[in-house]
Protein chains: 2
Amino acid sequence: MIPNRLFRQPAENARGKLLEAAVKLVRMQRFAGTSVDHLCRQAGVTKGAFFHHFPSKEALGVAAAQYWSESTGAFFADAPYHHIADSVERVLAYIDFRIALVGGPVEAFTCVAGTMVQETFGTSDAIRRACETSIMTNAGALEADIAEAMAQANVTGTTAASLARHMQAVIQGSFILAKTQEGHACADLAREQLGHLRRYFAMLFKADIPDPL
Amino acid sequence: MIPNRLFRQPAENARGKLLEAAVKLVRMQRFAGTSVDHLCRQAGVTKGAFFHHFPSKEALGVAAAQYWSESTGAFFADAPYHHIADSVERVLAYIDFRIALVGGPVEAFTCVAGTMVQETFGTSDAIRRACETSIMTNAGALEADIAEAMAQANVTGTTAASLARHMQAVIQGSFILAKTQEGHACADLAREQLGHLRRYFAMLFKADIPDPL
DNA sequence: TTTGCAATACCGACCGGTTGGTATGCCTCA
DNA sequence: TGAGGCATACCAACCGGTCGGTATTGCAAA
């Protein structure tokens with residue numbers, strides 16, 4: 001799963017603690033379902049500190065999306081699949097890595113940006129844009145690898161950018177389906193769906209690389 | 001798009017009007033973001049009528065998910081793709097039909113059950129279960145067609161049920177990505193993603209049926 | 001080195017408005 | 001005449017946000 005705590009050092013100031021709390025609580029109970037008071041309690045700071053650092057709850061939402069984007073960006077930048085020489089294998093290894101991250105309760109592996117954009121697309125343009133940036137930046141990090149694999153396998157009829165977005169679409173969709181379940185069925189269903197994503201890319205790239213799982 | 005009004009006659013009693021209002025408002029501003037007062041205003045009834053028909057807001061959410069499930073179920077049961085004799089073509093025609101339904105503002109084509117389950121999976125088991133039933137029933141309606149197509153094309157390594165769920169996963173994921181955009185880009189992005197779903201199934205079934213669009 | 005002062009970081013009581021929900025009354029139709 | 005189908009008035013809890021105030025820090029003049 002994508003751990004709630006990545007490789008960032010524990011926040012010591014109120015702002016950092018609030019962002020940590022936001023990532024955790026938004027995953028569990030969404031943005032609108034989390035009150036400012038609850039956020040402060042979780043972070044161990046007071047309401048005064050909250051509004052000292054953020055002009056509004058919406059501003060915290062924007063900052064949390066950016067914080068999430070940076071954290072996950074760094075996390076995936078450090079991931080082991082980058083060292084694989086063959087581009088097709090590298091792209092499939094990315095999917096395998098995402099599958100390996102799925103586990104535990106649903107709030108442990110789902111995406112903060114995907115959760116937030118669904119609830120704020122109609123009410124907060126600022127948060128919507130921050131979530132768009134997060135998801136599309138995440139997709140963009142794979143584009144070069146996908147483009148290389150497409151050239152290698154002579155894939156036509158689509159673009160690397162479109163395929164990179166498809167990764168995100170299936171990942172987000174698998175999280176939605178996971179949220180319809182309870183207990184271990186959440187992770188099982190998400191993994192099953194990412195397996196189809198893997199199969200699609202393997203067929204596209206005409207690769208016959210066995211699933212390591 | 002999946003029209004807000006399907007083939008149901010206009011509701012005349014308060015209960016029906018409230019369910020219609022719920023489907024419309026939940027699509028636009030989610031469940032938690034829609035107050036009981038707003039719901040009543042939209043339906044043209046009073047708060048007394050609301051709590052006469054539903055013991056709580058949560059109960060309305062459950063009923064709305066069931067109402068949505070029945071409406072969409074009837075809508076897809078009447079759809080033209082059922083008349084296609086070849087099972088592979090029939091499954092691809094279903095995807096083409098879903099692509100054709102995408103259009104207009106994002107609240108016109110997104111899924112009520114997918115929207116609701118994301119915001120209630122942690123707070124309301126009853127609504128979560130109703131949404132699960134809606135999504136999985138929708139998936140189940142395709143299972144027989146997919147099983148037939150799999151047998152025809154000798155597809156192994158997965159199941160018809162799993163592939164049917166994948167349809168829903170990609171559809172839900174495409175809606176999430178659509179919600180990161182604004183204007184016509186919402187529908188464009190959703191259609192692009194469903195195009196990948198079509199390509200996956202076409203490759204699985206070794207079909208070379210040109211996209212009609 | 002000490003003093004003065006302003007900026008920063010933080011505190012928690014409080015406010016107006018909104019929320020889901022209730023209590024009660026009226027009016028129609030079997 | 002009574003029971004279902006509403007309407008109106010109201011409530012307590014909670015919400016995001018404000019405000020007056022304090023503790024700590026950095027820095028420059030004396």
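Within every chain, numbering begins at 1; the chains are lettered A, B, ... in the order of the sequence lines, protein sequences first and strands thereafter. Remember, it's a predicted structure, so these values are computed and weren't measured experimentally.
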Any protein N or O atoms within reach of nucleotides 24-30 of chain C? Criterion: under 3.5 Å, listing atom names and distances.
none

Sequence-distant partners of B/Glu182, salt bridge (charged side-chain N to carboxylate O under 4.0 Å, His left out), two or more places apart: A/Arg128
Heavy-atom side-chain contact between B/Gln193 and B/Leu177 under 4.5 Å: yes
Interatomic distance, B/Arg15 CZ vs D/dG4 P [rounded to whole Å]: 16 Å
Validation row: B/Thr120, A/Lys179 side chains within 4.5 angstrom (heavy atoms): no
Interatomic distance, B/Asn13 CG vs D/dG5 C1' [rounded to whole Å]: 10 Å
Heavy-atom side-chain proximity of A/His166 to A/Leu197 below 4.5 angstrom: yes
By side-chain contact (heavy atoms from CB on, under 4.5 Å) - contacts of A/Met150 (at least two apart): A/Ile146, A/Val155, A/Thr158, A/Ala160, A/Leu163, A/Phe205
Distance, rounded to the nearest Å, where B/Leu60 contributes CG and C/dG21 contributes C1': 14 Å
A/Arg90: salt bridge (charged side-chain N to carboxylate O under 4.0 Å, His left out) partners, not counting sequence neighbours: A/Asp145, A/Glu148
Any residue meeting salt bridge (charged side-chain N to carboxylate O under 4.0 Å, His left out) with B/Arg129, in chain and number order, not counting sequence neighbours: B/Asp125
Under 4.0 Å protein heavy-atom contacts per nucleotide of nucleotides 7-16 of chain D, with B for base, S for backbone only and - for none: BB------SB
A/His53: partners by side-chain contact (heavy atoms from CB on, under 4.5 Å), with sequence neighbours left out: A/Ala14, A/Arg15
Integer-rounded Å distance: C/dG21 P and B/Leu39 CG: 12 Å
Distance in angstrom units between B/His52 NE2 and C/dG21 C1', rounded: 16 Å
A/Lys57 charged N/C atom sitting above A/Phe31 aromatic ring, 6.0 Å / 45°: yes
Closest heavy-atom pair and its distance - A/Glu119, A/Ala32: OE1-N, 3.0 Å
Nucleic acid contacts - residues 117-129 of chain A versus DNA chain D, non-hydrogen atoms under 4.0 Å: none
What N/O pairs connect the protein and nucleotides 20-26 of chain D at under 3.5 Å? Give each pair on its own line.
none

Qualifying side-chain hydrogen bond (donor to acceptor under 3.5 Å, both in side chains) pairs, either residue in residues 134-143 of chain B, two or more places apart: none
Pairing residues for B/Ala93 by the side-chain contact (heavy atoms from CB on, under 4.5 Å) criterion, not counting sequence neighbours: B/Tyr81, B/Ile84
When the side chains of residues 42-49 of chain A are checked against the rest of the protein, which donor-acceptor pairs come out under 3.5 Å, sequence neighbours left out?
| residue | atom | partner | partner atom | Å |
| --- | --- | --- | --- | --- |
| A/Lys47 | NZ | A/Asp37 | OD2 | 3.4 |

Length of the line joining B/Phe54:CZ and C/dG21:P, which is rounded to integer Å: 13 Å
